[in-house]
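Structure first, then comments.
This chain uses plain numbering: 1 for the first residue, then up along the sequence. Just follow the structure's listing: the first ligand is 1, and inside any ligand the first atom is 1.
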Amino acid sequence: MGGSNRPESAGKMAKAVLGEESIELPIVVGTEGERAIDIGQLRNRTGYITLDDGYANTGSCKSAITFIDGERGILRYRGYPIEELAERSRFTEVAYLLIEGHLPTHEEEARFSRLLTENELLHEDMRFHFEGFPSTGHPMAILSSIINAQSCFYPELLLPDKQENFEIMAARLMSQVRTVAAYAYRKSRGLPFIYPNPDFKYSENLLHMMFSLPYKPYDLKEEVIKALDLIFLLHADHEQNCSTSTVRMVASSGANLFACVAAGVCALWGPLHGGANQAVLEMLNEIHRSGDDGSNFIEMVKDPANKQRLMGFGHRVYKNFDPRAKIIKAQSDRLLAALNLSDPLLDVAQRLEEKALSDPYFVDRKLYPNVDFYSGIMMRAIGIPVAMFTVMFAIGRMPGWIAHYKEILDSSKSRIDRPRQIYVGERERHYVPRDQR
Ligand code: SDX
């Protein structure tokens, strides 16, 4: 740990004064100078624990995968700025970077691509699971169910102690998450399943499985493939967000990768997290349908009596622009122009952004557009239905979840996660027979 610009506190101690006593605790300094107080010995030596609602001030681990500086709007995967990767890389190359820690050589990329192709077919018996789902079932419920069920079909892979087990499991998850997503979409439309085509690359294969017909292959446009690939790349990892922390917590118990990722999918589904991209589109549609220019909606959001939030705005870490939102917004404009499309919801989004960014309510709280604010506009232009938006987020986040699982698997020091609590319930009391209550 520790880069060249370690601040003066590196290697020093923090002093906590607790009543009559005081304790010194080690200061930990990260590569980019972030500082933490290591409280590992706090309870043993003082009886105190710390309390931090939503873990807003608490680091759960040390990680070498992604760096975010929320104040400066910086996001780097394994040290590479997201802007450079978005411009020059592709989703599968970034997936390899996140999981393995370095950009792949030609041979490494060819091998990874081959692994993804060899593992793109779902076990044929898994098709029957889809028959049990109603066509109205939310695809995120289907995704987490089928991913978890995969462990029933590959029991030989569940022993993570073999490197090749991890590689095959990771490849199956990365590759088959597309197949599961496409099958869930086809089920919702009453369409026959389309098998993956081994000649297609990652993102074009998903478009093929979602939108081709048995008698008419989908017209794969280069700009649409690039736009979808960029969405996946921009969602690939984001350090200790809610769903990734969930994956890490489940991994800390020694559970297999399928179980960890299925849990991550459930956490991502929430509207405050990955489900926000679907909520943004529903919000934009509502504003558009009502004929509001956004002003009434903004006033409603600011009224504390309402529980309505400006979806796609705000972030626990970014107190400046989310760099991903900037990239997606620019790419949305390019995609709509390339497809000769205009989207009235894009106009609504841009009006909302302008109003919010000049309104003290949002400025004072440092609320800026996040990754979800414009991603839905791009997915709509691609033809992805709103109900599938969060599934697209999950496909993008898959390599990040896998990378964090591997970071725990490879760590000799990892312990099971087991937070403490402060109990605020009843004092001791004794059982009362029912006829005396
Ligand atoms: C993602 O963590 C990650 O990295 C996540 C993610 C990733 O890549 O994994 O980046 C992906 O989940 C992006 C966020 C998507 N969610 C949304 O867009 C939902 C809308 N945003 C919020 O609900 C909220 O901003 C959160 C959940 C994103 C962050 O919540 P926090 O950090 O707990 O902030 P908070 O709820 O404590 O809000 C602080 C204040 C409150 O006002 P006051 O009590 O001070 O008066 O800001 C207000 C909130 O009411 N506020 C908003 C708001 N977000 C915060 N008010 C209106 N609209 C909003 N969107």
_For ligand 1 and Lys319, I'd like to know whether there is a polar contact (N/O to N/O, distance under 3.5 Å)._
no
*Can you measure from CZ (Phe200) to CD1 (Ile225) and round to the nearest 0.5 angstrom?*
8.0 Å
*Ligand-side contact atoms (ligand 1) for residue partner Arg316, heavy atom cut-off under 4.0 Å*: 29 (C), 31 (P), 32 (O), 33 (O)
*asked:* Assess the residue pair Arg380 and Asp343 against the criterion (salt bridge (charged side-chain N to carboxylate O under 4.0 Å, His left out)); give the C-alpha distance rounded to whole Å, side-chain angles, the decisive distance to 0.1 Å, and a yes or no.
replied: CA-CA 9 Å; Arg380 239 162 77 95; Asp343 185 350; 2.6 Å; yes
*Only one of Gln176, His123, Arg172 clears side-chain hydrogen bond (donor to acceptor under 3.5 Å, both in side chains) with Gln150; which?*
Gln176
*Starting from atom 6 (C) of ligand 1, find the nearest protein heavy-atom neighbour and note its residue, name and distance.*
His315 NE2, 3.7 Å
*Among Asn277, Val371, Leu310, whose heavy atom sits nearest atom 58 (N) of ligand 1?*
Leu310
*ligand 1 atoms in contact with Ala276 (distance to a heavy atom under 4.0 Å)*: 15 (C), 16 (N), 17 (C), 18 (O)
*Under 30°, 30 to 60°, or over 60°: which ring-plane class applies to Phe211 and Tyr185, parallel, tilted or perpendicular?*
perpendicular
*Any donor and acceptor pair, going by atom type alone, linking the side chain of Arg248 with main-chain N or O of Ile408 inside 3.5 Å?*
no
_Evaluate Phe393 for polar contact with ligand 1, using N/O atom pairs at a separation under 3.5 Å._
no
*asked:* For atom 11 (C) of ligand 1, tell me which residue out of His273, Lys307, Glu239 has the closest non-hydrogen atom.
replied: His273
*Name the orientation class of the two ring planes belonging to Trp269 and His138 (parallel below 30°, tilted from 30 to 60°, perpendicular beyond 60°).*
tilted
*How far is atom 40 (C) of ligand 1 from its nearest protein heavy atom, and which residue and atom is that?*
Arg365 CD, 4.0 Å
*So which protein heavy atom does atom 37 (O) of ligand 1 come closest to, and at what separation?*
Arg309 NH2, 4.9 Å
*Nearest non-hydrogen protein atom, atom 9 (O) of ligand 1*: Arg397 NH1, 2.8 Å
*Would you say Gln308 and ligand 1 have an N/O pair spaced under 3.5 Å apart?*
no
*Just need the protein heavy atom nearest to atom 2 (O) of ligand 1, so name the residue and atom and give the distance.*
Asn241 CB, 3.4 Å
_Using heavy atoms and a 4.0 Å limit, tell me yes or no: is Arg324 in contact with ligand 1?_
yes
*With atom 28 (C) of ligand 1 as the reference point, say which of Gly275, Ala56, Pro271, Gly314 has the nearest heavy atom.*
Gly314
*Ignoring hydrogens and geometry, is there a side-chain-to-backbone donor-acceptor pair from His404 to Ser245 under 3.5 Å?*
no
*Could you grab the distance from atom OH of Tyr80 to atom CG of Leu85, nearest 0.5 Å is fine?*
8.5 Å
_Is there a polar contact, in the sense of an N or O pair closer than 3.5 Å, between Asp322 and ligand 1?_
no
*Should you measure from each heavy atom of Leu272, which atoms of ligand 1 turn up under 4.0 Å away?*
12 (O), 14 (C), 15 (C), 16 (N), 17 (C), 23 (O), 27 (C)
*asked:* I'd like to know whether ligand 1 has Gly312 as a neighbour, heavy-atom separation below 4.0 Å.
replied: yes
_Residue-ligand contact Val317/ligand 1, heavy atom below 4.0 Å_ = no
*What protein heavy atom sits nearest atom 14 (C) of ligand 1, and how far off is it?*
Asn370 ND2, 3.5 Å
*Please report which non-hydrogen protein atom sits nearest to atom 13 (C) of ligand 1, along with the residue it belongs to and the distance in Å to one decimal place.*
Asp372 OD2, 3.4 Å
*Establish, from distance only, whether the side-chain atoms of Asp417 and Ser60 form a donor-acceptor pair under 3.5 Å.*
no
_To check your reading of the model: name the closest protein heavy atom to atom 21 (N) of ligand 1, its residue, and the distance in Å._
Phe313 O, 2.9 Å
*asked:* Going by salt bridge (Lys or Arg N to Asp or Glu O under 4.0 Å), name the residues that satisfy it together with Asp229, two or more places apart in sequence or in a different chain.
replied: none
*Which part of His235 is near ligand 1, with near meaning a heavy atom under 4.0 Å away: side chain, backbone, both or neither?*
neither
*Are any of the protein's heavy atoms under 4.0 angstrom from atom 18 (O) of ligand 1, yes or no?*
yes
_Asn205 side-chain N/O to Pro196 backbone N/O, donor-acceptor pair under 3.5 Å_ = no
_Looking at Glu100 and Arg78, is any side-chain nitrogen of the basic one under 4.0 Å from a carboxylate oxygen of the acidic one?_
no
_Please verify the inter-ring angle class for His315 with Tyr318; under 30° counts as parallel, over 60° as perpendicular, anything in between as tilted._
tilted
*Would atom 46 (O) of ligand 1 count as contacted, meaning some protein heavy atom under 4.0 Å?*
yes
_Heavy-atom pairs closer than 4.0 Å: do any link ligand 1 to the side chain of Tyr361, the backbone, both, or neither?_
side chain
*Give the intermediate values and the outcome of ring-ring contact (aromatic ring centres under 6.0 Å, His included) for residues His235 and Phe393.*
CA-CA 6 Å; His235 286 80; Phe393 193 145; 4.4 Å; yes
*How about His106: does its NE2 atom have over 12 heavy atoms from other parts shown lying under 6.0 Å from it?*
no
*Verify the contact flag for atom 33 (O) of ligand 1, where contact means a protein heavy atom under 4.0 Å away.*
yes
_Can you list everything that forms a salt bridge (Lys or Arg N to Asp or Glu O under 4.0 Å) with Arg334? Sequence neighbours excluded, please._
none
_N/O separation below 3.5 Å, Met311 to ligand 1_ = no
